[in-house]
Number of protein chains: 2
Amino acid sequence: MTEGTRRRGTYAKTAARRREILEAGLEVFSTMGFRSGSIRDIADRVGISQAGLLHHFATKNDLLAAVLDLRDDIARDLFSPEDETGLNRVRGLVRMVEYNASVPGLVELYCVLSAEATTPEHPAHDYFVDRYRWVVGYTRAALEAMKAGGQTPADLDPASAARTIVALMDGLQVQWLLDRGSVDMADELRRYLGCILPGTDLAGVGAEEPEAGESRAGTEEPEAGEHRSA
Amino acid sequence: MTEGTRRRGTYAKTAARRREILEAGLEVFSTMGFRSGSIRDIADRVGISQAGLLHHFATKNDLLAAVLDLRDDIARDLFSPEDETGLNRVRGLVRMVEYNASVPGLVELYCVLSAEATTPEHPAHDYFVDRYRWVVGYTRAALEAMKAGGQTPADLDPASAARTIVALMDGLQVQWLLDRGSVDMADELRRYLGCILPGTDLAGVGAEEPEAGESRAGTEEPEAGEHRSA
DNA sequence: GTCTATAAATTGATAGAC
DNA sequence: GTCTATCAATTTATAGAC
């Protein structure tokens with residue numbers, strides 16, 4: 001079956017090309033946004049013509065959708081599975097932010113596109129509305145699980161806290177992109193979580209420092225008892 | 001001096017036109033961003049031709065700079081003067097967020113442009129770098145003043161808190177723009193400030209309820225005593 | 001101060017050869 | 001699968017009439 005062999009080869013090559021295009025598309029949409037980023041520019045980076053690119057993705061909108069899918073694939077692995085502890089899911093958020101600091105391109109993509117997609121006519125508008133609902137919901141559920149287990153102050157509002165946690169992560173990204181030296185995103189997030197979840201050990205899972213490290217053991221202490229009772 | 005009279009009349013008309021253009025520019029840049037927003041679109045809204053618009057602002061970049069200046073003029077009045085109390089300056093931030101919720105166009109402008117201007121080549125890049133430095137610095141100074149007066153927990157880090165306050169404000173804007181019903185920005189900010197500045201009365205200055213007296217001495221009260229001394 | 005006309009470049013997408 | 005050629009729109013900006 002020469003045909004079968006050839007076809008497999010062709011498919012593999014096509015898949016690789018598509019991947020190249022997606023990664024170039026991610027770069028361009030990150031810095032120029034969707035509307036101002038041109039598929040010609042993307043094609044140039046891959047080393048093919050603009051018409052050649054459109055053979056793999058029929059329209060510019062299709063390409064955008066595929067780029068967003070790619071980003072989701074990359075990120076999905078970083079979230080803890082649904083059956084994970086509430087605390088561990090919160091820790092997953094910190095891990096996510098730590099990871100983000102290593103991939104400025106992905107952060108830029110989200111920052112630029114989410115702002116651009118704020119207007120309802122944008123082709124990625126629904127995507128971002130859905131995604132925010134999901135992320136905030138995921139975070140709220142994690143906090144609710146912790147609250148049910150008595151791991152949070154009694155007056156914590158999980159819905160509100162979830163919104164602000166996500167908002168903080170987003171806002172820090174803008175400052176970080178504008179001046180990377182000025183902000184340690186994960187550090188600020190940890191501090192905030194320490195404020196609304198006093199006494200919680202956040203360094204747990206995939207933290208940076210396996211050893212004693214710079215973060216004093218004080219963070220581990222049972223300051224939990226002091227949950228503000230006014 | 002008919003000439004003088006005519007000239008004054010002309011100037012006044014020109015100033016009004018410029019203002020019209022700026023406001024239309026604000027609208028367009030808000031929804032489309034700078035790069036994708038077209039001066040033709042802006043000219044159409046004003047009811048003049050594109051060449052007519054370029055008589056008032058020589059280039060698109062000039063128009064952008066003028067739009068950002070206009071926004072600053074609008075916002076400057078909302079910030080408390082420098083000699084104001086640290087606490088009152090923090091209250092000013094809440095007032096600012098309350099005001100923002102009434103002018104979605106301005107919020108959109110900042111949200112979209114700040115993300116777009118994240119890349120160093122953007123014509124508004126320096127503007128946003130400077131502005132973030134200023135806002136974060138202003139907030140940090142306010143917190144430092146409060147800390148010096150014993151009005152904050154002893155372990156508060158003013159620089160970090162200032163960064164996160166500004167980040168929270170920005171991040172909430174994205175969620176609010178994507179789904180206005182889901183977020184009360186001022187409410188979330190107040191809650192956050194209540195967390196890092198426990199025992200502080202934030203409703204003070206330009207709050208919603210005018211009856212209780214706008215500047216009752218109670219706001220200055222030494223509720224500072226309850227700060228956790230650990 | 002505003003217009004028409006136009007330049008010069010760039011865009012997304014299609015047609016058809018190879 | 002990739003190319004060249006091309007189309008129709010759209011962009012910022014300029015020139016010059018009124």
Side-chain angles (χ1 to χ4, degrees), chain A residues 2-25 27-29 31-67 113 116 121-124, chain B residues 2-25 27-29 31-67 113 116 121-124:
Chain A
T2 8
E3 194 190 331
T5 319
R6 198 188 313 123
R7 195 185 283 148
R8 265 198 302 279
T10 301
Y11 283 168
K13 195 178 172 188
T14 294
R17 251 290 118 91
R18 281 178 60 103
R19 179 76 188 208
E20 284 183 84
I21 294 172
L22 288 176
E23 271 158 14
E27 276 181 52
V28 171
F29 290 154
T31 55
M32 299 295 288
F34 170 69
R35 280 190 282 237
S36 299
S38 84
I39 55 180
R40 246 187 189 90
D41 188 357
I42 297 171
D44 285 351
R45 289 175 192 237
V46 179
I48 63 177
S49 72
Q50 179 242 16
L53 186 154
L54 287 175
H55 167 74
H56 298 276
F57 300 93
T59 72
K60 195 189 181 189
N61 278 14
D62 287 353
L63 176 57
L64 173 63
V67 167
L113 285 188
E116 200 182 36
E121 297 79 24
H122 195 282
Chain B
T2 10
E3 194 190 331
T5 319
R6 199 189 312 124
R7 195 184 284 147
R8 268 200 299 279
T10 302
Y11 282 169
K13 194 177 174 188
T14 294
R17 250 293 119 88
R18 282 179 60 102
R19 179 75 188 208
E20 284 184 84
I21 295 172
L22 288 176
E23 270 158 16
E27 276 181 51
V28 171
F29 289 154
T31 55
M32 298 295 288
F34 170 70
R35 280 191 281 238
S36 298
S38 84
I39 54 179
R40 235 183 197 94
D41 189 357
I42 297 170
D44 285 351
R45 289 173 193 238
V46 178
I48 61 177
S49 73
Q50 178 242 12
L53 186 154
L54 288 176
H55 167 75
H56 297 276
F57 300 93
T59 73
K60 195 188 180 189
N61 278 13
D62 287 352
L63 176 57
L64 173 63
V67 167
L113 285 189
E116 201 182 37
E121 297 79 24
H122 195 282

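The analysis underlying the following values was restricted to heavy atoms, covering all of them including side chains, and did not include hydrogens, waters or symmetry mates. Within every chain, numbering begins at 1; the chains are lettered A, B, ... in the order of the sequence lines, protein sequences first and strands thereafter.
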Q: Could you list the residues that satisfy side-chain hydrogen bond (donor to acceptor under 3.5 Å, both in side chains) with Thr31(B), not counting sequence neighbours?
A: none
Q.
So, taking the atom named CD in Glu20(A) and the one named CD1 in Ile42(A), what distance separates them when rounded to the nearest 0.5 Å?
A. 13.0 Å
Q: Write out all pairs satisfying ring pair (Phe, Tyr, Trp, His ring centres under 6.0 Å) with one or both partners inside residues 31-61 of chain A, taking only residues at least two apart or from two chains.
A: Phe29(A)-Phe34(A), Phe34(A)-His122(A)
Q: Work out which heavy atom in Asn61(A) is nearest to a heavy atom in Pro123(A); give both atom names and the distance.
A: ND2-CB, 3.8 Å
Q) Roughly how many Å is it from CZ in Arg40(B) to P in dT12(D), rounded to a whole number? A) 8 Å
Q) For the pair made of CG in Asp62(A) and P in dT14(C), what is the distance, rounded to whole Å? A) 11 Å
Q: Could you check which residues of residues 41-52 of chain B get a heavy atom under 4.0 Å from DNA chain D? Sort them by number, please.
A: Gln50(B), Ala51(B)
Q) Side chain of Lys60(B), backbone of Arg35(B): donor and acceptor closer than 3.5 Å? A) yes
Q | Nucleotide dC3(D), atom P - distance to CD1 of Ile39(A) in whole Å | A | 14 Å
Q: Could you grab the distance from atom CG of Leu113(B) to atom CG of Leu64(B), nearest 0.5 Å is fine?
A: 6.0 Å
**Q.** For Asp44(A), all residues meeting side-chain contact (heavy atoms from CB on, under 4.5 Å), sequence neighbours excluded
**A.** none
Q: Determine the minimum heavy-atom distance between Gly37(B) and Val28(B), stating which atoms define it.
A: CA-CG1, 3.8 Å
Q) So which heavy atom on Leu53(B) is nearest to which on Ile39(B), and how close? A) CD1-O, 3.8 Å
Q: May I ask you to check whether over 12 heavy atoms, not counting those of Arg19(A), lie within 6.0 Å of atom CZ?
A: no
Q: State whether Arg17(B) places a side-chain N or O below 4.0 Å from either non-bridging phosphate oxygen (OP1 or OP2) of dT2(C).
A: yes
Q.
Heavy atoms within less than 4.0 Å of DNA chain C: which residues of residues 53-61 of chain A have one? Give them sorted by number.
A. Leu54(A), Thr59(A), Lys60(A)
**Q.** Range-with-range stems of DNA chain D (Watson-Crick or G-U pairs under 3.5 Å, three or more in a row)
**A.** C:1-7 with D:12-18, C:9-18 with D:1-10
**Q.** Heavy-atom pair with the smallest gap, counting every atom of Ala43(B) and Ser49(B)
**A.** CB-O, 3.6 Å
Q) Between atom CE in Met32(B) and atom C1' in dT12(D), what is the gap in whole Å? A) 16 Å
